[in-house]
J.: 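The structure follows.
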Amino acid sequence: MNDFSESLITIFNEAGIGLSDDKIELFNRYFNLVIEANKYINLTSITEPFDFALKHILDSVIILKFIDFEKSSLLVDLGSGAGFPGIPLKIMRPDLNMILIDSLNKRVDFLNSTISELNLSSIEALHLRAEEAGQDITLREKADYCLSRAVASLSVLSEYCLPLVKLNGLFISYKGRLSKEELDKSAHALNLLGGSLSKSIRYSLPKSGDERCLQVISKISHTPKKYPRKAGIPSKKPL
C-alpha cells in the first residue's frame with residue numbers, strides 16, 4: 001500500500017467515514033492525475049500525500065457528515081479548480097448529478113479528462129465565469145445545491161452562487177475561520193439575493209486540528225434578474 005492510501009485510510013478512520021476498496025483506488029488515481037497535471041497547470045500547492053488526503057480529499061467530503069444530500073439531486077461546484085469538492089464528493093456519492101464550473105479553460109480540460117479517466121458518469125465541467133453561469137438560463141436556479149471552496153468573501157460568493165440555486169435549495173460555502181465582521185457584512189447581500197443563513201457548522205480536521213466551517217444558506221426567494229452583476233463587479237463592489 002502506498003503513502004497516499006495509508007494516509008487516506010488513517011484520516012478517514014479518524015473522521016469516522018468509511019472507505020471501500022474501490023473508492024480508495026479511485027482516490028489514488030485522482031491524486032496521481034492531479035499531481036501529474038500539476039507539472040503543467042497550476043492546480044494546487046498541496047502535493048504531499050498526507051496533506052493532499054487531509055486538506056483536499058477529506059475536507060471536500062467531510063460535509064457528508066453534516067448534510068444529507070438528497071439522492072440524484074443536482075450539485076454545482078463553483079470555482080472547482082482541480083475538482084474540489086465536486087470530484088471527491090462524486091466518488092463518495094455516485095448517485096449525485098454534478099456540474100463543475102471554472103473560469104480557466106485549461107483547468108476545465110483537466111477536469112473533463114479526469115472525469116473520463118475515472119469513468120465517472122452524470123458529471124461534467126463547464127468553462128464559465130461565475131457571473132456568466134448565474135445568468136445562463138440553462139443553469140440559473142436549477143441546482144439543488146451549490147458548493148464553493150473558492151477564496152472570496154461570503155458576500156461575493158453569495159452573488160455568484162445563489163443565482164444558481166433553485167427555491168428551497170442550499171448554497172454551502174466552505175470556509176476556514178470566518179470572522180463575525182464577514183458574516184455580518186454578508187447579511188445585506190443575502191437579503192438582496194434571496195438567501196437566508198440557515199446554520200454555521202464548525203469542525204476541526206483530524207490530525208492537524210485545522211479549524212473549518214460550513215456556511216449553510218437557504219434559498220428562500222427568487223434572486224432578482226440583475227444578479228449576478230457583470231464580470232468583475234461583484235468582487236470590486238461587494239453588495
J.: So which atom in Lys175 and which in Leu154 form the shortest heavy-atom distance, rounded to 0.1 Å?
T.: NZ-N, 3.8 Å
J.: Would a single hydrophobic cluster contain both Val34 and Leu104, if residues Ile, Leu, Val, Met, Phe, Trp and Tyr are joined by side-chain heavy-atom contacts under 4.5 Å?
T.: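 Result: no, two separate clusters.
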J.: In the single-linkage hydrophobic clustering (I, L, V, M, F, W, Y; side-chain heavy atoms under 4.5 Å), do Ile9 and Phe27 co-cluster?
T.: yes
J.: Apply side-chain contact (heavy atoms from CB on, under 4.5 Å) to the pair Leu43 and Phe110, showing each step before the final yes or no.
T.: CA-CA 10 Å; Leu43 293 174; Phe110 163 76; 3.9 Å; yes
J.: Are any side-chain N or O atoms of Glu132 and backbone N or O atoms of Arg129, one a donor and one an acceptor, separated by less than 3.5 Å?
T.: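 Yes, Glu132 side chain to Arg129 backbone: donor-acceptor pair under 3.5 Å.
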J.: First locate atom CZ of Arg149, then atom CD1 of Ile63, and finally report the distance between them rounded to the nearest 0.5 Å.
T.: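 The CD1 atom of Ile63 is 10.5 Å from CZ of Arg149, to the nearest 0.5 Å.
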J.: What's the spacing between Asn97 CG and Lys142 NZ if we round to 0.5 Å?
T.: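 If we round to the nearest 0.5 Å, Asn97:CG and Lys142:NZ are 14.5 Å apart.
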J.: With a 4.5 Å cut-off on side-chain heavy-atom distances among I, L, V, M, F, W and Y, is there a chain of contacts connecting Val108 to Leu126?
T.: no
J.: What's the separation between atom CZ in Arg140 and atom CG in Leu164, rounded to the nearest 0.5 Å?
T.: 8.5 Å
J.: With no hydrogens and no angle check, just 3.5 Å: does a side-chain donor-acceptor pair link Ser200 and Gln215?
T.: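 Gln215 and Ser200 do have a side-chain donor-acceptor pair below 3.5 Å.
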J.: Okay, side chain of Asp144, backbone of Leu74: is any donor-acceptor separation there less than 3.5 Å?
T.: yes
J.: Apply salt bridge (charged side-chain N to carboxylate O under 4.0 Å, His left out) to residues Arg202 and Glu211 and explain how you reach the verdict.
T.: CA-CA 7 Å; Arg202 300 183 182 276; Glu211 294 181 7; over 6 Å; no
J.: Using a 6.0 Å cut-off, check whether atom NZ of Lys230 has over 12 heavy atoms from anything other than its own residue.
T.: no
J.: Quick one: pull up CG in Leu111 and CD in Glu124 and give me the separation to the nearest 0.5 Å.
T.: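 Between Leu111 CG and Glu124 CD, I get 11.5 Å after rounding to 0.5 Å.
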J.: Within this structure, what is the OG-CG distance for the pair Ser221 and Leu167, rounded to the nearest 0.5 Å?
T.: 7.0 Å
J.: Using modelled atom types only, decide if a donor and an acceptor are shared between the side chain of Thr223 and the backbone of Gly194 within a distance under 3.5 Å.
T.: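 It does not hold such a pair.
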J.: For Lys207, does the NZ atom sit with more than 12 other heavy atoms under 6.0 Å from it, leaving out its own atoms?
T.: no
J.: For the backbone of Ala187 and the side chain of Asn191, can you confirm whether one donor and one acceptor N or O come within less than 3.5 Å of each other?
T.: no
J.: I'd like to know if the side chain of Ser235 and the backbone of Gly232 have a donor-acceptor N/O pair within less than 3.5 Å.
T.: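 The answer is yes, because a donor-acceptor pair under 3.5 Å joins these two groups.
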J.: Taking all heavy atoms of Thr44 and all of Thr47, pick out the closest pair and write down the distance.
T.: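 Thr44 and Thr47 have their closest heavy atoms at O-CG2, 4.2 Å.
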J.: Does Ile17 form a side-chain contact (heavy atoms from CB on, under 4.5 Å) with Leu64? I'd like the steps, not just the answer.
T.: CA-CA 9 Å; Ile17 301 175; Leu64 296 173; 5.9 Å; no
J.: For the residue pair Tyr174 and Asp59, what are the closest heavy atoms and their distance?
T.: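 For Tyr174 versus Asp59, the nearest heavy atoms are CE2-O, 3.2 Å.
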J.: To the nearest 0.5 Å, what is the distance between CG (Leu214) and CG (Leu147)?
T.: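 Result: 9.0 Å between the selected atoms.
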J.: List the atom of Cys146, the atom of Leu78, and the distance in Å for their closest heavy-atom pair.
T.: SG-CB, 4.2 Å
J.: Would you say the side chain of Ser218 lies within less than 4.5 Å of the side chain of Ser198, judging by non-hydrogen atoms?
T.: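 Contact flag for Ser198/Ser218 side chains = yes.
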J.: If you compare all heavy atoms of Ser155 against all heavy atoms of Ser186, which two are closest, and at what distance to 0.1 Å?
T.: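 So the two residues come closest at OG-CA, 3.2 Å.
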J.: So does Leu170 get a backbone contact from the side chain of Lys219, meaning a donor-acceptor N/O pair under 3.5 Å?
T.: no
J.: Do the side chains of Leu120 and Ile123 get nearer than 4.5 Å, heavy atoms only?
T.: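 The answer is yes, as the side chains (C-beta and beyond) meet within the 4.5 Å cut-off.
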J.: Kindly determine whether Leu197 and Val216 satisfy side-chain contact (heavy atoms from CB on, under 4.5 Å), including the steps that lead there.
T.: CA-CA 6 Å; Leu197 182 63; Val216 182; 5.8 Å; no
J.: Distance-only, no hydrogens or angles: does the Asp3 side chain make a donor-acceptor pair with backbone N or O of Pro49 under 3.5 Å?
T.: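 No, because the side chain of Asp3 does not come within donor-acceptor range (under 3.5 Å) of the backbone of Pro49.
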J.: Say whether Leu183 and Ile220 are linked into one hydrophobic cluster, either directly or through other cluster members, by side-chain heavy-atom distances under 4.5 angstrom.
T.: no
J.: If you look at every heavy atom in Leu128 and Ile101, which pair is closest and at what distance?
T.: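 Looking at all heavy atoms of both residues, the closest pair is O-CG2, 3.6 Å.
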J.: Do Phe84 and Phe52 have ring centres separated by under 6.0 Å?
T.: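 Yes, close enough.
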J.: Looking at Asp95 and Lys71, is any side-chain nitrogen of the basic one under 4.0 Å from a carboxylate oxygen of the acidic one?
T.: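 No.
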J.: List the steps, then state whether side-chain contact (heavy atoms from CB on, under 4.5 Å) holds for Ser196 with Leu190.
T.: CA-CA 6 Å; Ser196 176; Leu190 294 181; over 6 Å; no
J.: Might you confirm whether atom CD of Glu48 has over 12 heavy atoms from other residues, nucleotides or ligands at distances under 6.0 Å?
T.: yes
J.: Would you please indicate yes or no on a ring centroid separation below 6.0 angstrom for Tyr160 and Tyr227?
T.: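 Not under 6.0 Å, so no.
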J.: Indicate yes or no: at least one non-hydrogen side-chain atom of Ile172 is less than 4.5 angstrom from one of Ile217.
T.: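 Contact flag for Ile172/Ile217 side chains = no.
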J.: Around atom NZ of Lys23, are there more than 12 heavy atoms of other residues, nucleotides or ligands at under 6.0 Å?
T.: yes
J.: For residues Ile233 and Pro228, determine if any side-chain heavy atom of one lies less than 4.5 Å from a side-chain heavy atom of the other.
T.: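 Not in contact.
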J.: Side chains of Asn2 and Ser5: any donor to acceptor distance under 3.5 Å?
T.: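 Side chains of Ser5 and Asn2: pair found under 3.5 Å.
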J.: May I ask you to check whether over 12 heavy atoms, not counting those of Asn105, lie within 6.0 Å of atom CG?
T.: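 Correct, the count exceeds 12.
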J.: Any heavy-atom pair between the side chains of Lys65 and Ile62 that's under 4.5 Å?
T.: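 Contact flag for Ile62/Lys65 side chains = yes.
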J.: Are a donor atom and an acceptor atom from the side chains of Asp210 and Tyr203 found within less than 3.5 Å of each other?
T.: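 Result is no, nothing qualifies.
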J.: If you count every heavy atom of other residues, nucleotides or ligands that lies below 6.0 Å from Asp184 atom CG, does the total exceed 12?
T.: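 Atom CG in Asp184 is packed in, count exceeds 12.
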J.: Got a donor-acceptor contact below 3.5 angstrom from the His127 side chain to the Ser103 backbone?
T.: yes
J.: When you measure from the side chain of Lys90 to the backbone N and O of Ser121, does any donor-acceptor pair fall under 3.5 Å?
T.: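 Yes.
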J.: Any sub-3.5 Å donor-acceptor pair from Thr10's side-chain atoms to Glu6's backbone N or O?
T.: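 Yes; at least one donor-acceptor contact below 3.5 Å.
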